[in-house]
Amino acid sequence: MKNLNNIAIIGSGPTAIYLLKNILTHKNKIGSKINSITIFEKEKNSGMGMPYNPETTDIYNLANISSDEIPELQETFGNWLRKQKPEFIEKLNVKELPISDAKVYSRIALGYYFQEQYKQLLAALKAYGINIIEFKNNEVIDIKFIKKNEVEITDVHQTKRNFSAVVIANGHQFKEKDNPKKGYFASPWPIHKLFPKKNEFYNYPIGILGASLSAFDVVTSLAHRHGKFVKEKGILKFIKNKKATKFKIFLHSAEGWLPHLQYEQKKPVREIYRHFNREQILNLINKDSFIHIEEFFEILCKPALIKAFKEDNKLDVVKKLENKNFTFLDFISLMAIKHEYVDSFKGMKSEMTKAKDSVENNKPINWMETLDDLMYGLNYHSELLSAEDYLLLNKKIMPFLMNVIAALPLQSANILLALYDANCIELITGKVTIDKNTPNSNKTVLSVTSKDGKEKIDTYKMFVNCGGQKKITVADYPFQSLLKNGSITHAKAKFASLKEAEKLAINNENITINNKKATLKLPGIAIDATYKILDKKGLKNNCLFDINFTHTLGIRPYSYGLQACNATSLILVESWVLENEEGNNTLKDIEDITNLYEKNKDL
């Protein structure tokens, strides 16, 4: 029986909050096994998470998820907002009333909502009889697996505490350091570090790496401090401050894409088995124990996508999909071309009309929702992909998917277009290399290589890297004693073809070939399907779990957002329930874990 007597949770953001919610939901099955839950939070504000914390983000930064899409906690986000006093609503920069469950609001509003739900969950767990211990402003700096059913945690004060089970649920980690002397910022967080002093302005061009949602947070925050937005005949306009005449933002994007815009959805909450069932996907496993991604696309994706494109009246795409020789990569190329424009901002303007019609008139864009569902479902079976397919997924498919799925709220798009009309923003296509070693320079120097191979040098007095957290290796893992003791190892995937591995190994140090077997080292650490950490021998650790998306990206490459926070923690808690009912290691293989997916209506 699993020992849940004394649980530690590292982090108190959304992933930890949904873990607490799922423990509470299952209290009648495992609550009696839990004596105490200890929560470590490195920030002073617990129960928020970095993207939603007022210490980290800005009042002008919008969330990209509506109340309809957020897995419910003690109450919905929309209902919580409706209960708040007018002066607090104003403080949260919520201006459009009445509150709509389909609209997005400020990140800070979402942070306070999470904090309130966190407090309510802790109170409910205490009322049930579980002892809750919180350590705020207290970062965990190391973890050691001591012996069976015992893990030692060391905090920033060098205090050591032992626990029977530890769940790692912390958030983003940006290890690269800023270099303010060169105007270089390795990440946009905390965003306040980027702001000019009161009554001062950046009267020069500013560079940003990436065209992601965090890049647009920087754009929005800086724009509000260098001018004002006004509405004229229903259209948002940006008026630049007279003291910031040279203020302009340059976004650098490798592909030259801006995100797709927010769209209406039939079913905003994802499901693993919405468009295919457990039996159908397990039937794709071949004699070598792999699911090939092109077979997945042909057999399970195409029927669902054909139906969706018919509903969207995109019959040209339907015709392509009905061709048996039309591959997943063909599909990605086709849809990318449809989203490519000579001027991406003009493209965004043309897409805005359709997006507004979709949202305001409840007209779903079915193909986007369906594609998101399909890839979400594949994510929870991705340990069955070969190394060849992991490479294909990460290099070719994921960049397009993230551009589609990380949809930009219409309010944010209006701000970008207002800046574009005011000639205050521009998108530059090309791969960026940042020169960090240029001597005697007070600027950030970039080398930008265009798609046709031409290279040019750009310099900025201020440059913000919004490329996101780098994929971690075991060497980057924050709890290094686990690596030294062999308690963790890197995630990996097996090659289906030794010949292909040998060919790729020439230029890829992450490929290992031993005894005519080849593996690919993946980002992050090795876990099983229930988020148990695997050691260097491949053995499961029954008291150490990691549900941090950045740590588990290799095995779960499509885990993003609040819905995945809920699903991940739910799978973990359900596994505890089963193992305490039926004995340890009940969930031994993919057959067992997919049975859990199928039985739970919330997955």
Side-chain angles (χ1 to χ4, degrees), residues 51-52 57-70 77-78 81 89 92-110 210-224 228-238 249 251 253 257-268 312 338-339 341 343-369 371-372 402-422 424-425 427 560-562:
Y52 314 107
T57 191
D58 183 27
I59 198 72
Y60 298 114
N61 300 153
L62 288 174
N64 69 322
I65 189 168
S66 68
S67 181
D68 281 340
E69 300 169 272
I70 299 172
F77 180 40
L81 273 175
I89 286 283
L92 299 176
N93 200 31
V94 175
K95 295 180 178 178
E96 291 188 37
L97 300 175
I99 299 297
S100 167
D101 289 334
K103 287 192 173 180
V104 298
Y105 297 99
S106 67
R107 285 180 187 259
I108 286 176
L110 199 50
S212 61
L213 298 180
S214 58
F216 300 138
D217 286 339
V218 175
V219 170
T220 303
S221 292
L222 291 179
H224 275 92
K228 62 181 180 179
F229 291 91
V230 297
K231 273 197 173 181
E232 294 180 5
K233 297 179 180 179
I235 298 174
L236 195 68
K237 302 283 186 183
F238 179 68
I249 294 172
L251 299 172
S253 165
W257 290 339
L258 292 172
H260 282 260
L261 300 180
Q262 176 190 0
Y263 59 95
E264 184 65 21
Q265 302 178 65
K266 282 182 181 175
K267 297 180 180 180
D312 291 335
K338 286 179 176 287
H339 186 59
Y341 301 93
D343 184 321
S344 289
F345 285 102
K346 287 183 179 177
M348 179 177 279
K349 278 189 175 183
S350 70
E351 289 185 4
M352 177 66 89
T353 303
K354 294 176 185 176
K356 284 180 71 176
D357 183 46
S358 169
V359 172
E360 292 173 3
N361 297 305
N362 297 317
K363 294 181 180 177
I365 299 179
N366 296 285
W367 78 266
M368 289 187 182
E369 182 178 345
L371 182 60
D372 194 9
M402 294 314 299
N403 182 265
V404 171
I405 306 312
L408 185 68
L410 299 188
Q411 297 101 305
S412 298
N414 280 325
I415 288 171
L416 289 179
L417 292 176
L419 289 167
Y420 174 75
D421 288 338
C424 289
I425 195 165
L427 184 68
Y560 296 94
L562 298 176

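We use all heavy atoms of the structure for the numbers below, so side chains are in, but hydrogens, waters and symmetry mates are not.
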Charged N-O contact under 4.0 Å between K103 and E96: yes

For A223, all residues meeting side chain to side chain contact (heavy atoms under 4.5 Å, CB included), sequence neighbours excluded: F229, F238, L419

Derivation of the side-chain hydrogen bond (donor to acceptor under 3.5 Å, both in side chains) call for T220 and N61: CA-CA 7 Å; T220 303; N61 300 153; 5.4 Å; no

Nearest atoms (heavy-atom pairs only) where L258 meets A211: CD2-CB, 4.2 Å

From N414 atom CG to M352 atom CE, the distance as rounded to the nearest 0.5 Å: 4.0 Å

Minimum-distance pair of heavy atoms, taken over all atoms of L417 and F345: CD2-O, 3.5 Å

Flag, side chain of Y105 to backbone of K95, donor-acceptor distance under 3.5 Å: no

Residues which pass side-chain hydrogen bond (donor to acceptor under 3.5 Å, both in side chains) with S212, listed by chain and number, not counting sequence neighbours: S214

Inter-residue atom distance I108.CD1 - I59.CD1, 0.5 Å rounding: 4.0 Å

Side chain to side chain, L110 and I70, heavy atoms closer than 4.5 Å: yes

Least distance between heavy atoms, D68 atom then P268 atom: O-CB, 3.9 Å

Side-chain (D372) to main-chain (M368) donor-acceptor, under 3.5 angstrom: no

Shortest non-hydrogen contact between S358 and E264, atoms and distance: OG-N, 2.9 Å

OH on Y52 to OG1 on T57, rounded to 0.5 Å: 9.5 Å

S106 side chain to L92 backbone, donor-acceptor under 3.5 Å: yes

Residues in side-chain hydrogen bond (donor to acceptor under 3.5 Å, both in side chains) contact with S67, at least two apart in sequence or another chain: none

Donor-acceptor contact below 3.5 Å, side chain S221 vs main chain V218: no

N64 CG to F216 CZ distance, which is reported to the nearest 0.5 Å: 11.5 Å

Where at least one partner belongs to residues 353-365, residue pairs that pass salt bridge (charged side-chain N to carboxylate O under 4.0 Å, His left out), sequence neighbours excluded: D357-K363

Working for side-chain contact (heavy atoms from CB on, under 4.5 Å), residues D421 and K349: CA-CA 11 Å; D421 288 338; K349 278 189 175 183; 2.6 Å; yes

Nearest-0.5 Å distance that lies between atom CD1 in I425 and atom CG in L416: 5.0 Å

L408 CG to E351 CD distance, which is reported to the nearest 0.5 Å: 10.5 Å

All side-chain hydrogen bond (donor to acceptor under 3.5 Å, both in side chains) counterparts of E69, not counting sequence neighbours: S66, Q265

Test item: E369 side-chain N/O and K267 main-chain N/O as donor-acceptor pair under 3.5 Å: yes

For L427 against S253, the heavy-atom pair lying closest together: CD1-CB, 3.8 Å

Residue list, side-chain hydrogen bond (donor to acceptor under 3.5 Å, both in side chains) with D312, at least two apart or on another chain: N366

Non-hydrogen side-chain atoms of D58 and H224 separated by less than 4.5 Å: no

